[in-house]
Amino acid sequence: MEVKVLRRGDDFIELEIRGEGHTFLNALCQKLYEDPSVVFASYNIPHPLEDRALLIVRVSSKSPVEVLKDATMRLKEDALKFRSAFESAFKKFTSGR
């Protein structure tokens, strides 16, 4: 994954993200909206054949960079919880054979 800051202001940030698609960006936007300071969070994939997306985050009070960091940490925690649950379920499944 490559991330490039295209524009940044006190209440917004616009990023170009290469190497990720709807799966990651949709989950990230959902995590961003869990923060009450997020006014707008969305992404656009300009063309389906391009490996790049544009992510825009607008906030009302916090730093958009801090909001993004917090959202990615919560997303990472969810992924680790899922991994642990999956490994436990798989272990239980394979031990019953």
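This one's a predicted model, so the numbers in the text were calculated from it and none came from an experiment.
- Taking His22 as the reference, Tyr43 meet the ring-ring contact (aromatic ring centres under 6.0 Å, His included) condition, with sequence neighbours excluded.
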Do Met1 and Arg18 pass the side chain to side chain contact (heavy atoms under 4.5 Å, CB included) test, and can you show the C-alpha distance, the side-chain angles, and the key distance before you say yes or no?
CA-CA 6 Å; Met1 176 190 311; Arg18 292 186 178 269; over 6 Å; no
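- Residues Phe12 and Val5 fall into different hydrophobic clusters, defined by Ile, Leu, Val, Met, Phe, Trp and Tyr side chains chained together at heavy-atom separations under 4.5 Å.
- Using a 4.0 Å cut-off between charged nitrogen and carboxylate oxygen, Lys31 and Asp78 count as a salt-bridge pair.
- Judged as a side chain to side chain contact (heavy atoms under 4.5 Å, CB included), and not counting sequence neighbours, the contacts of Arg83 are Glu87.
- Ala53 and Leu25 make their closest contact through CB-CD1, 3.3 Å (heavy atoms, listed as atom of the first residue, atom of the second, distance).
- Atom CG of Asp11 sits about 10.5 Å away from atom OG of Ser63, to the nearest 0.5 Å.
- A donor-acceptor pair is defined here as one N or O able to donate and one able to accept, closer than 3.5 Å; such a pair exists between the side chain of Asp51 and the backbone of Gly19.
- A distance of 10.0 Å separates CD of Glu14 from CZ of Arg58, quoted to the nearest 0.5 Å.
- Here the OG-CG distance, from Ser42 to Leu28, works out to 11.0 Å after rounding to the nearest 0.5 Å.
- Tested against Arg52, the residues Glu20, Glu16, Glu2 include a single side-chain hydrogen bond (donor to acceptor under 3.5 Å, both in side chains) partner, Glu16.
- Partners of Glu77 under the side chain to side chain donor-acceptor pair (under 3.5 Å) rule, at least two apart in sequence or in another chain, do not exist in this structure.
- Through direct or indirect side-chain contacts shorter than 4.5 Å among Ile, Leu, Val, Met, Phe, Trp and Tyr, Leu54 is connected to Leu6.
- In this structure Ser37 satisfies the side chain to side chain donor-acceptor pair (under 3.5 Å) test together with Asp35, sequence neighbours excluded.
- Ser88 places no side-chain N or O within 3.5 Å of a backbone atom of Ser84 that could act as its donor or acceptor partner.
- For Asn44, the CG atom sits in a packed shell: over 12 heavy atoms of surrounding residues, nucleotides or ligands are nearer than 6.0 Å.
- Shown here are the side chain to side chain contact (heavy atoms under 4.5 Å, CB included) partners of Tyr33, two or more places apart in sequence or in another chain: Val38, Phe40, Ala41.
- Here Leu75 contributes atom CG and Leu80 contributes atom CG; the two are 10.0 Å apart, rounded to the nearest 0.5 Å.
- Shown here for Ser60 and Pro36, the closest heavy-atom pair between the two residues is OG-O, 4.5 Å.
- In the hydrophobic cluster analysis, where Ile, Leu, Val, Met, Phe, Trp and Tyr join through side-chain heavy atoms closer than 4.5 angstrom, Val39 is grouped apart from Val67.
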Evaluate the criterion side chain to side chain contact (heavy atoms under 4.5 Å, CB included) for residue pair Ile13 and Leu55; output intermediate values, then yes/no.
CA-CA 8 Å; Ile13 191 163; Leu55 175 68; over 6 Å; no
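- Distance check, rounded to the nearest 0.5 Å: CE of Met73 to CG of Leu68 gives 13.5 Å.
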